[in-house]
Amino acid sequence: MEITIIQNLNLSYIRTFALRCAVDLDITGRIQAYGRPMPLNELARSIPIPREKESMLGRLMTLLVNQGIFAQSEAGYQLTPASQLILTEGSNMGANVRFTTYAEVIKIWSRLSEVFKESGEQTLLEKVFGGKKFWEFTKEKPEYGKLFDDAMASLSNALMRGLIASYLHIFDGLNNLVDVGGGTGTAVKFIAEAFPKLRCTLFDLPHVIAKALKSESFDVVGGDMFEKIPPADAIFLKNILHDWNDEDCVRILKRSKEAIESNNNGGKVIVVDIIMGFESNDPKATETTLLIDIFMMGLLGSKERSKHEWHDIIIRAGYSDYKIYPVQLGVNSVIELYL
């Protein structure tokens, strides 16, 4: 048993790249287009691949079926709820796969031990790329920056469907909302279309909103969340705070509080983020949060937070109370912050 654990961990990267291979070959799209269980030979012909590689494709599919990405019957391969998330016209989680497996960045993990041997707060990415911070790296590597934007949009697609379905009451009684750090606008578009009477604003750095979705359902404002956030009844922070250290999180939450106070209409901050170990009995969810935490540590020098750590930064930012909704969205929870 013990040797199996080590071998499995040692080879787990193959799972990652098997999934990346499926994304690159658009296997999900091909199975969907076939319209019924797809035999191996038909899948191979649709890609297309050389005839002698068909058995190799079968071995790849056996692994992906084992991992729950696809299902298999006597008639052929079928999509599962997991593979449906990869579809381009669905949540397009394939974009997230391409981002996390970007060749130039994924190689840095072979040097993870070096970070622990040196003093200072330099991240793994900074160490490997000459001191460049993550946000600088995305600017200097436009193709990586686009992968990041596409990945965040794909996560929003998957996440916002669940949020709107499960937490409609969170938006009751609001007149206006600002999505802070909302990227290209995927999340705010979901909110604006679900609540047509709610005036929504996408707020992010000027060079980010230049790539924003074109929509009449929400406004677009450029600026710096560390300086000033537009006034609103509600400030929406989806997977923003886990990008920053505690001090920066307190600053962002203070600016959010000031934005609500300047609106003179009361209000709240809505945070969607991971709470480590919070009311989860799913080992896969627990493992995923731990992996994301190390990912954030290596690329941004930030972290996922426990309930106690969230309490600390919320109180330090001057909020009087907060409420955590235990129903999780993937590995995310919802926290309402009250002035």
Side-chain angles (χ1 to χ4, degrees), residues 156 159-160 162-182 187-188 190-192 194-195 197-203 224-281 285-286 289 292-293 296 302-339:
S156 288
L159 185 59
M160 292 306 297
L163 179 66
I164 298 300
S166 302
Y167 296 98
L168 281 172
H169 62 281
I170 286 179
F171 303 95
D172 286 346
L174 298 176
N175 296 311
N176 43 60
L177 173 147
V178 175
D179 181 7
V180 175
V188 75
F190 267 97
I191 297 171
F195 304 95
K197 294 183 180 180
L198 178 61
R199 182 178 177 182
C200 295
T201 300
L202 169 66
F203 180 71
D224 185 344
M225 64 184 174
F226 288 104
E227 301 298 328
K228 186 177 181 180
I229 295 172
D233 293 346
I235 302 300
F236 188 68
L237 295 164
K238 183 188 68 61
N239 298 132
I240 297 300
L241 298 178
H242 77 161
D243 289 343
W244 304 95
N245 62 36
D246 289 351
E247 295 304 319
D248 286 335
C249 284
V250 171
R251 287 176 62 198
I252 294 168
L253 289 175
K254 284 183 176 180
R255 298 293 88 78
S256 299
K257 186 170 181 286
E258 291 166 2
I260 295 171
E261 290 171 339
S262 65
N263 198 47
N264 296 317
N265 196 35
K268 59 188 175 183
V269 175
I270 304 167
V271 174
V272 180
D273 227 315
I274 291 172
I275 303 177
M276 296 284 282
F278 182 65
E279 296 190 11
S280 175
N281 297 315
T286 299
T289 60
I292 295 172
D293 182 50
M296 302 305 291
S302 57
K303 63 180 180 180
E304 304 304 340
R305 293 176 171 85
S306 66
K307 183 178 178 182
H308 175 77
E309 289 171 320
W310 277 109
H311 173 86
D312 183 56
I313 63 171
I314 291 169
I315 298 305
R316 284 175 58 195
Y319 291 84
S320 64
D321 200 4
Y322 62 91
K323 180 177 181 179
I324 300 174
Y325 291 90
V327 179
Q328 296 192 334
L329 303 164
V331 294
N332 289 274
S333 296
V334 178
I335 314 173
E336 279 188 325
L337 281 56
Y338 310 117
L339 304 194

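In this structure Ser306 satisfies the side-chain contact (heavy atoms from CB on, under 4.5 Å) test together with His308, Glu309, sequence neighbours excluded. For the ring pair (Phe, Tyr, Trp, His ring centres under 6.0 Å) test, residues two or more places apart in sequence or in another chain that qualify with Phe226 are Trp244.
Across every non-hydrogen atom of Ser256 and Ile235, the tightest pair is OG-CG2, 3.6 Å. For the residue pair Val188 and Thr201, the shortest heavy atom distance occurs at CG2-O, 4.1 Å. Here the shortest heavy-atom pairing between Leu174 and Leu198 reads O-CD1, 3.5 Å. Contact record, Asp224 with Phe203: N-CZ, 3.6 Å, taken as the closest heavy-atom pair. Closest approach of Pro231 to Val178, counting heavy atoms only: O-CG2, 4.1 Å. Here the closest non-hydrogen pair linking Lys268 and Glu336 is NZ-OE2, 2.6 Å.
The side-chain heavy atoms of Lys257 and Leu253, taken from C-beta on, include no pair separated by under 4.5 Å. Counting heavy atoms from C-beta outward, Glu304 and Met276 have side chains that approach closer than 4.5 Å. Side-chain atoms of His242 and Ser302, non-hydrogen and from C-beta on, never get closer than 4.5 Å to each other. No side-chain heavy atom of Tyr322 sits under 4.5 Å from any side-chain heavy atom of Val269. Side-chain contact check for Asn175 versus Arg199: every heavy-atom pair is 4.5 Å or farther apart. In this structure, the side chains of Trp310 and Val271 come closer than 4.5 Å at one or more pairs of heavy atoms. Side-chain atoms of Leu339 and Tyr319, non-hydrogen and from C-beta on, do get closer than 4.5 Å to each other. Residues Ile335 and Asp273 have side chains not in contact (no heavy-atom distance under 4.5 Å, counting atoms from C-beta outward).
Here CG of Leu237 is found 8.5 Å from CG of Leu337. Values are rounded to the nearest 0.5 Å. With rounding to the nearest 0.5 Å, the separation of CG in Asp233 from CG in Leu177 is 8.5 Å. Expressed to the nearest 0.5 Å, how far NZ of Lys307 lies from OG of Ser333 amounts to 10.5 Å. The CD1 atom of Ile314 sits 9.5 Å away from atom CG of Asp321, with the distance rounded to the nearest 0.5 Å. Remark: Arg255 CZ to Glu227 CD distance equals 8.0 Å, nearest 0.5 Å.
The only member of Asn332, Val334, Leu168 that meets side chain to side chain contact (heavy atoms under 4.5 Å, CB included) when paired with Leu163 is Val334.
Between Tyr167 and Tyr325, the ring-plane angle classifies as perpendicular under the 30° and 60° cut-offs.
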| request: Mind running side chain to side chain contact (heavy atoms under 4.5 Å, CB included) on Met160 and Ile191 for me, showing each step along the way? | output: CA-CA 8 Å; Met160 292 306 297; Ile191 297 171; 3.6 Å; yes

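Taking a cutoff of 4.0 Å between a charged side-chain nitrogen and a carboxylate oxygen, Glu247 and Arg316 qualify as a salt bridge.
Side-chain atoms of Arg305 come within 3.5 Å of backbone atoms of Leu241 as a donor-acceptor pair (strictly under, hydrogens ignored). Put simply, the side chain of Lys238 never gets that close to the backbone of Asp179: no donor and acceptor are under 3.5 Å apart.
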